[in-house]
2 protein chains.
Amino acid sequence: MKRVSLSDIAKAAGVSKTTGSMVLNGRARENGISDATCERVWKIAKELKYKPNLMARGLRLGKTHTLGLIVADISNDFFAQIARTVEETATRYGYHVIFCNSDENAEKLTELIQTLKTRQVDGLIISPALHDYDNEISRLKREKFPFVLIDRYFSKINTNYVVVNNFEASFQATSLLLDRGYNRIGIIAVFSNSIQHKLRVDGYREALKQNGIRFLRKLVVEVSYGNLKESIINAIRKLLDCPNNVRAIYFLNNRVAVIGLECINEMNLRIPKDIDVLSFDDNEVFRLFDPPITAVAQPVHEIAEKAVSILIDEIERPKKISETRQIVLPAKLIKR
Amino acid sequence: MKRVSLSDIAKAAGVSKTTGSMVLNGRARENGISDATCERVWKIAKELKYKPNLMARGLRLGKTHTLGLIVADISNDFFAQIARTVEETATRYGYHVIFCNSDENAEKLTELIQTLKTRQVDGLIISPALHDYDNEISRLKREKFPFVLIDRYFSKINTNYVVVNNFEASFQATSLLLDRGYNRIGIIAVFSNSIQHKLRVDGYREALKQNGIRFLRKLVVEVSYGNLKESIINAIRKLLDCPNNVRAIYFLNNRVAVIGLECINEMNLRIPKDIDVLSFDDNEVFRLFDPPITAVAQPVHEIAEKAVSILIDEIERPKKISETRQIVLPAKLIKR
DNA sequence: TATGCAAGCTAAATGGGTTTACTCATATTT
DNA sequence: AAATATGAGTAAACCCATTTAGCTTGCATA
């Protein structure tokens, strides 16, 4: 029941391993192997159901045809969808995908990157942890290891990335709320030092500014991942209460939005009577709410597809040194 | 910048590769390597940041320390959560996970199983496609390839599997609806020849029976994956309409439930006034609905954890021939 | 006749670990 | 004193596909 190896094929076909390898890799022509031999090898390979041992090949070639995908949490709808398309696209290119969850934890991320490198993945698609300082990522960069960041990136390192136009999308989202007549809009976000976070807040500020409304720092509440629910309840309470007097909340991501909605529910607040909400990042079920939740939808499929194709391009093309690709896709405001 | 290999370590430490290998694999004691040598090797390995080449090791040992996970669609909340825990658990055991989407397509599933085997994963966790006949799975079984089925299984093949008690859970779910006073309950499900499907319907029948209500085949509507939305709208319309006169719908899974809710929304029906609903498979947001949606929640974490540990046990233990493990976990009815 | 060359193919090295079957001292038994 | 053990370690085989460098043989040209 043991696997058929190239030697077996070679022996059975009465040729050398070299010839066998060449034929089965479609290099027969260029190496002047005769058609007769060629056919013989193929026939035997088929009969014996030969499948090359990818580890042997990988060892020799130094390539595994495997990509690593690191996200905060694959059970989060946004990342699950990314993962879906990453896998699909990678498969089209003949690659497989190993995935890992970083839990928004910089140390875990560092560790994951290292193990995946040890495991010899050919490249990485990474959504860096929120608090990550750039160390491990910039090490990858220094080592010229192929990788693409998605969703988030670092201004200080020149890397490949695929993100959305956070500023613009946030500007539009805020403008919509302003149009609806809210001029005191609270933001609830997970604490983060990332650029996207900043850009989303900046977009919000710009929208306020263009409407002649003053930006108030205290309306931007940053909660921490630890006990999201409790902190969000407090945040909402604080925003609604008197001097703030907020009537619309802008959740800066998916996760916060879903939990935020849960809190609003529990606090017996009605949307939009008591409070209106908007979420950056869409969720399949937002449109099913009563009323449906307006959200900024990221083009997940494009993000994933682009990331994979850039990555594989970098893996397979001879490296044109430090020529990075930085894609900013438009996010779409879905009014509901 | 090239990787440090075992030879490098051996050379630097003035020992043979053999000794190096033994030391670094913790086999120093049993092979009578002196403590001095041991320390020297470790020290050098650390200094040079030695990471073994896992492909070389894998090639020799015939093991990759990789598991394959095949689900219908990883962007489906249920599978995303499974994937999450599978990865976590596998990592604890020192394994990585390659995932693939079968799209409920038997041919694709067959192909995936084959590629993953070629890729030398050590074992597979599979949620078989709905319409799959058992061929590829039983081939795995014949070949004694380690695998565990989750969520679904085949009565005709004796395999490892981890599933929930579909009959019992469905019985309880139906009983709840009956208690709420609905005695004409419609079922909407994706067409399937799987046992779980049957068991869920059987549980429903049994509940009706114990309440002295006749089972009506026409109240069980099977839609196909093609154009779910349209078919569900038709199904709902048909069920509500006159002779049927259904006032409660029992969605037989997650996917159908979410889309079903969307349809109900679009049809401007109110829950529970016009129609009440219940879903087999929970979804994070069901409790946020107004009113919240009652659902049967599968213990996803346990399913995934159990599946991984059974699989790894099978991979690592000397095979006690054809001794399969079949786990049936209780699903929990979450009344909302 | 000797030389060049193309066609068709192969031996052996390579990649980096693990494992088997030794070696070589010295120490202990019998 | 000869035989056996033991401690410490190693050379070489092995896993399997790819690739480099080169080897025949036949035919044509100088």
Side-chain angles (χ1 to χ4, degrees), chain A residues 1-42 44-45 48-66 94 117-122, chain B residues 1-42 44-45 48-66 94 117-120 122 316:
Chain A
M1 211 30 145
K2 64 193 84 86
R3 290 175 55 105
V4 185
S5 81
L6 183 58
S7 306
D8 301 328
I9 301 298
K11 213 165 291 167
V15 297
S16 69
K17 283 200 300 171
T18 312
T19 305
S21 172
M22 283 167 169
V23 170
L24 298 173
N25 287 300
R27 256 184 270 264
R29 258 285 102 67
E30 66 196 84
N31 284 96
I33 310 291
S34 71
D35 288 359
T37 308
C38 220
E39 267 171 47
R40 196 147 30 90
V41 172
W42 272 114
I44 304 248
L48 270 53
K49 299 207 174 115
Y50 170 67
K51 301 266 162 76
N53 180 322
L54 297 186
M55 279 201 287
R57 174 182 286 169
L59 175 59
R60 183 71 238 263
L61 264 33
K63 293 278 163 235
T64 53
H65 271 236
T66 308
K117 278 198 319 196
T118 302
R119 223 165 181 324
Q120 270 118 318
V121 297
D122 294 339
Chain B
M1 208 35 144
K2 64 194 81 89
R3 291 175 55 106
V4 184
S5 80
L6 183 57
S7 306
D8 300 329
I9 301 298
K11 212 166 293 167
V15 297
S16 70
K17 283 201 301 172
T18 311
T19 306
S21 172
M22 283 166 168
V23 170
L24 298 173
N25 286 302
R27 256 185 270 264
R29 260 283 103 67
E30 66 197 81
N31 284 96
I33 309 291
S34 72
D35 287 0
T37 307
C38 223
E39 268 173 45
R40 197 147 28 89
V41 172
W42 271 114
I44 304 249
L48 270 52
K49 299 209 172 105
Y50 169 67
K51 301 268 164 51
N53 181 323
L54 297 185
M55 279 202 288
R57 175 182 285 169
L59 175 59
R60 180 72 237 254
L61 264 34
K63 293 278 163 235
T64 53
H65 272 237
T66 308
K117 277 199 321 200
T118 302
R119 230 173 174 317
Q120 270 121 312
D122 294 339
E316 299 189 345

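Below, chain A is the first sequence line, B the second, and so on; all start at residue 1.
- In terms of phosphate contacts, B:Tyr50 brings no side-chain nitrogen or oxygen within less than 4.0 Å of OP1 or OP2 of C:dG16.
- Remark: the B:Lys17 side chain and the C:dG16 base include no donor-acceptor N/O pair separated by less than 3.5 Å.
- Taking 4.0 angstrom as the limit, A:Ser34 places none of its side-chain polar atoms (N or O) nearer than this to OP1 or OP2 of C:dA7.
- With hydrogens and angles left out, the side chain of A:Arg60 and the base of C:dT14 share a donor-acceptor pair within 3.5 Å.
- Using a distance-only test at 3.5 Å, with no hydrogens or angles considered, no donor-acceptor pair links the side chain of B:Thr64 to the main chain of B:Gly58.
- Heavy atoms of A:Leu61 sit under 4.0 angstrom from primed sugar atoms or phosphate atoms, though from no base atom.
- The 5' end of DNA chain C is approached more closely, in terms of each residue's nearest nucleotide, by B:Met55 than by the other of B:Met22 and B:Met55.
- Between A:Glu30 atom CD and C:dA6 atom C1' there is a gap of 17 Å when expressed in whole angstrom units.
- Rounded to an integer number of Å, the gap from A:Asn53 CG to D:dC14 P is 17 Å.
- We find that NZ of A:Lys51 is positioned 22 Å from P of D:dC15, with the value rounded to whole Å.
- Between the side chain of B:Asn25 and the backbone N or O of B:Ser21, at least one donor-acceptor pair lies under 3.5 Å.
- Listed nucleotides: C:dC9, C:dT10, D:dA17. Nearest to the side chain of A:Ser5: D:dA17.
- In this structure, A:Asn25 reaches the D:dT18 phosphate: one of its side-chain N or O atoms is under 4.0 Å from OP1 or OP2.
- Without hydrogens or angle criteria, A:Asp8 side chain to A:Ser5 main chain gives a donor-acceptor distance under 3.5 Å.
- Of the possible donor and acceptor atoms, one in the side chain of A:Asn53 sits under 3.5 Å from a partner among the backbone N and O of A:Met55.
- The distance from atom CZ of A:Arg29 to atom P of C:dA7 is 11 Å, rounded to the nearest whole Å.
- In this structure, B:Asn31 atom CG and D:dT6 atom P are separated by 15 Å, rounded to whole Å.
- Among the nucleotides C:dT18, C:dT10, D:dT18, the one closest to any side-chain atom of B:Arg57 is C:dT18.
- Note: CD1 (A:Ile33) to P (D:dT18) measures 14 Å, nearest angstrom.
- You won't find any donor-acceptor pair under 3.5 Å spanning the side chain of A:Thr18 and the base of D:dT18, going by distance alone.
- Regarding B:Lys11, its NZ atom lies at a distance of 19 Å from the P atom of D:dG9, rounded to whole Å.
- A salt bridge does not link A:Asp122 to A:Lys117: none of the charged nitrogens lies less than 4.0 Å from a carboxylate oxygen.
- Remark: P of D:dC14 and CG of A:Asp8 are 15 Å apart, rounded to the nearest angstrom.
- Listed nucleotides C:dG17, C:dT10, D:dG9 differ in distance to A:Ser16; the shortest reach to its side chain belongs to C:dT10.
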